[in-house]
Amino acid sequence: MTDDVSRNERIKEASHYLRGTLAEGLGDEITGAIVEGDQQLVKFHGMYLQDDRDLRPERTRKKMEKAFAFMIRVRVPGGVLSAQQWLALDEVARTYANGTMRLTTRQTVQLHGIIKSNLKATMRAIDAALLNSIAACGDVNRNVMCNVNPEQSSAHAAALDLARAISDHLTPRTPAYREIWLDGERIAGGEDEVVEPIYGKTYLPRKFKIVVAVPPSNDVDVFAHDLGFIAILGDSGEVAGWNVTAGGGMGMSHGEPDTYPRTADLLGFCATEDAVAIAEAVVTVQRDWGDRKNRKHARLKYTIEDRGLDYFCAEVVRRAGVLLEPARPFTFTATGDRYGWSEGSGGRAHLTLFVQNGRLADRAGAAQLSTLRAIAQIADAELRITPNQNLMVANIPADRQTEIHWIAKEAGLLAPWSGLRRNAVACVALPTCGLALAESERYLPALLDALDERLAAHGLSADDIVIRMTGCPNGCARPYLAEIGLVGKGPGRYNLYLGAAFDGARLNKLFAEDLDHEAIVAALDPIFAAYAAGREKGERFGDFTIRAGFVAATGSGRDFHANVRARAAAPPPQ
Ligand code: HEM
Ligand code: SF4
């Protein structure tokens, strides 16, 4: 390996297939943390070392170590869990984590606040439920997402089959995971092609994200991901094959215009039997061509920008050994979830619940975590985490439906009336995320209260408008594909982005910078008023903000930073 690669590359290479000194570090009782190199490696095992940032000032004053704890992200391909698996995670959340479960925008469950001495017991409990967390974070293929589909069950089954097949194929093979967490036998490392036939010693240059979509729903946000498969349905609703997309990604850094979010390109159409080979080929091209010197330029989106789409595509086809046909027509209508009841087969039905920002806890007045435990116990149903941090209870038998409806309603889990809140997503941010510059999950509900009041004044309460917030520009809640995107800039301050497409196909554009709460409301209120007064029939809020000249349309990732007319917010009304 040459000298000019990034530090992370050296850590990976020296790690002996993700072992590092993790096993030793776990036994060190002097600190609640682990050493720097292992902090990078532990991500590949599905966890982040974090500390409670609320407690930092007090602990610094008292000269105490930071309040370290781990976040574990479980791998849940397609977001589908059995009732038993849900109950096992619920138990882990209560016993070892902070008593909450966090449903994520990539259809996984995050458990926060697990101290080092409880890690192994937690991992064993997860393993006993036939789940794992390998590659849930790190420079590897992450959780494969899949459309949560209450209405087209055969297409959902095909999409889930594909998501699981890709997930299995691209899961790291290193024995380090079992060895470290589950006390497996140490197996000597062999040659690259034996231990990690797809990844090799240094895995990928950066994270890699794959999704499977079923039109007309774009709930998985296919254009936000490195690789996507869009189901093309035949006349009788069965899947005829897949359009392939590549090169989407969200992350960027403030003040660095060489970094930008990008929507994926369409590569072509493939048959179901070729999809895994295409996925592997895209991954290996990125493994070999991706930038290993500069992590801010290491995602597939930059590889495609630098090499050109045609050149990239030709290499994928060559490696996969299959031809891609021209992409076939498809139509997406929305990225949101279809809340409420929908009919399944054999008298069963599905219920999509609303979970504010994906956080399930037992709070005064709404014991949502316990309610879901009760639902999982009663229904013996399947639970599907949606890409919008919500939860669908699938295949509920007829004789349980009324009971489940009422207990879900009681716990505040049915969809709210506000069209903005129904389409709102926030990343975790403070207090756990070390990268957060501003609040997100803890603040968005209050902002929605204020915005809902303005929307009501303009008669827009029931209109579906997509709003997403993150505490930093990394983009975990996909804010650059929201009609209203808010990205943390510093404590209590956000950049405001407008103009994304409701179907997830067009990025938004910076509208105003560094806004505090009052300034966000003051900036949006006149735009809501203009929308209420001047929209055309069926015109979406994001499209309107472009037509009315509030922002220019973003054509592709490269021009995300172009034609910005950002300004300070309008002064608050006198
Ligand atoms: C450079 C880019 C990124 C970095 C360094 C990063 C890092 C992190 C960290 C540290 C967390 C843990 C926060 C916590 O739970 O306390 C997190 C959460 C998460 N990230 Fe990222 N992230 C990045 C970009 C993205 C992108 C682009 C996506 C999705 C398209 C994403 C998806 C998620 C999800 C789903 C969560 C879980 C919480 C949620 O639902 O918001 N991340 N990320
Ligand atoms: S967007 Fe930033 S603040 Fe939010 S979870 Fe991701 S890394 Fe943390």
Side-chain angles (χ1 to χ4, degrees), residues 8 39-40 42-43 46-53 69-76 79 97-98 100-114 136-139 142-143 145 206-211 220-226 228 248-254 256 259-264 295-302 335 355-360 385-390 424-444 468-482 485-491 494 504:
N8 284 54
Q39 288 178 31
Q40 300 306 322
V42 84
K43 295 179 188 173
M47 53 189 94
Y48 261 79
L49 174 66
Q50 307 185 314
D51 74 288
D52 187 329
R53 294 179 57 182
F70 289 78
M71 176 276 278
I72 297 185
R73 189 181 288 161
V74 183
R75 190 177 173 91
V76 190
N98 63 359
T100 75
M101 273 165 87
R102 179 59 154 71
L103 311 182
T104 82
T105 57
R106 296 202 75 257
Q107 291 185 299
T108 58
V109 174
Q110 280 191 188
L111 302 162
H112 290 97
I114 302 165
C137 317
D139 300 339
R142 308 278 191 88
N143 194 44
M145 296 170 65
R206 265 312 244 114
K207 66 174 97 172
F208 196 92
K209 298 178 176 176
I210 305 180
V211 300
V220 294
D221 250 330
V222 69
F223 300 109
H225 290 90
D226 294 278
M250 290 285 100
M252 63 159 211
S253 304
H254 285 312
E256 296 183 32
T259 66
Y260 46 84
R262 184 180 191 275
T263 40
R295 288 182 66 77
K296 288 193 173 177
H297 187 254
R299 292 286 296 273
L300 178 65
K301 61 183 174 180
Y302 301 116
T335 55
V355 182
Q356 180 134 287
N357 297 335
R359 182 71 68 181
L360 287 165
I385 303 158
T386 82
N388 292 292
Q389 306 171 324
N390 293 309
V425 177
C427 77
V428 177
L430 292 161
T432 51
C433 179
L435 304 163
L437 306 170
E439 294 281 351
S440 184
E441 176 188 319
R442 296 196 295 196
Y443 166 52
L444 185 61
R468 296 175 180 173
M469 173 179 278
T470 57
C472 87
N474 283 337
C476 299
R478 304 189 287 270
Y480 312 110
L481 282 167
L486 288 156
V487 175
K489 192 79 193 294
Y494 299 82

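First listed ligand is number 1; within each ligand, the first listed atom is number 1.
Annotation for ligand 2: atoms under 4.0 Å from non-hydrogen atoms of Thr470 are 1 (S). Every atom of ligand 2 is numbered from 1 in the order shown, and the set under 4.0 Å from a heavy atom of Cys427 is 1 (S), 3 (S), 4 (Fe), 5 (S). Atoms of ligand 2 lying under 4.0 Å from at least one heavy atom of Leu435, given by number and element, are 7 (S). Here is the list of ligand 2 atoms found below 4.0 Å of a heavy atom in Gly475: 1 (S). Numbered from 1 in the order shown, with element, the atoms of ligand 2 that lie under 4.0 Å from a heavy atom of Ala436 read 3 (S). Set against the non-hydrogen atoms of Gly471, the atoms of ligand 2 under 4.0 Å away are 3 (S), 4 (Fe).
More than 12 heavy atoms of other shown residues, nucleotides or ligands fall within 6.0 angstrom of atom NZ in Lys489.
Compare Gly471, Cys427, Gly248 by their heavy atoms: the one nearest to atom 41 (O) of ligand 1 is in Cys427. Nearest to atom 25 (C) of ligand 1 by heavy-atom distance, out of Gln389, Arg206, Lys207, Met250, is Lys207. Here atom 15 (O) of ligand 1 lies nearest to Gln110 when heavy atoms of Arg142, Gln110, Lys43, Gln107 are compared. Scanning Pro473, Cys433, Cys476 for the heavy atom closest to atom 21 (Fe) of ligand 1 points to Cys476. Selection from Gln50, Arg478, Lys209 by nearest heavy atom to atom 31 (C) of ligand 1 gives Lys209.
A perpendicular orientation is assigned to the rings of Tyr302 and Tyr260, their planes being inclined by more than 60° (bins at 30° and 60°).
A salt bridge does not link Asp226 to Lys207: none of the charged nitrogens lies less than 4.0 Å from a carboxylate oxygen. The pair Arg468-Asp221 counts as a salt bridge, with a side-chain nitrogen and a carboxylate oxygen less than 4.0 angstrom apart.
Neither side chain, His254 nor Glu256, offers a donor N or O lying under 3.5 Å from an acceptor on the other. Checked by atom type, the side-chain pair Arg206/His297 shows no donor-acceptor distance below 3.5 Å. For the residue pair Asn98/Thr100, the side-chain donor-acceptor check at 3.5 Å is satisfied. Between Asn357 and Glu441, the side chains place no donor N or O within less than 3.5 Å of an acceptor N or O (distance only, hydrogens not considered).
Heavy atoms only, all atoms of each residue included: His112 and Ala97 are closest at O-CB, 3.2 Å. Contact record, Cys427 with Arg102: C-NH2, 3.3 Å, taken as the closest heavy-atom pair. The shortest heavy-atom contact between Met250 and Lys301 is C-NZ, 3.8 Å. Scanning all heavy atoms of the two residues, the minimum distance from Ala224 to Arg478 falls at CB-CD, 3.8 Å.
Of the protein's heavy atoms, Arg102 NH1, 3.4 Å lies nearest to atom 39 (C) of ligand 1. Nearest protein heavy-atom contact of atom 4 (C) of ligand 1 is Asn474 ND2, 3.4 Å. Nearest protein heavy-atom neighbour of atom 2 (Fe) of ligand 2: Cys472 SG, 2.3 Å. Scanning the protein heavy atoms around atom 38 (C) of ligand 1, the nearest turns out to be Val428 CG2, 3.5 Å. Looking at atom 16 (O) of ligand 1, its nearest protein heavy atom turns out to be Thr432 OG1, 2.5 Å. The single protein non-hydrogen atom nearest to atom 34 (C) of ligand 1 is Thr105 OG1, 3.8 Å, given as residue, atom name and distance. Atom 6 (Fe) of ligand 2 has its closest protein heavy atom at Cys476 SG, 2.2 Å.
On a distance-only criterion, Tyr48 and ligand 1 share no N/O pair closer than 3.5 Å. The shortest N or O to N or O distance between His225 and ligand 1 is not below 3.5 Å.
Looking at Leu435 against ligand 1, only its side chain comes within 4.0 Å, counting heavy atoms. With a heavy-atom cut-off of 4.0 Å, Cys433 touches ligand 2 through its side chain alone.
Heavy-atom distances between Arg73 and ligand 1 reach below 4.0 Å in at least one pair.
To the nearest 0.5 angstrom, Met469 atom CE is 14.0 Å from Cys476 atom SG.
Not one N or O on the side chain of Thr263 forms a donor-acceptor pair closer than 3.5 Å with the backbone of Phe223.
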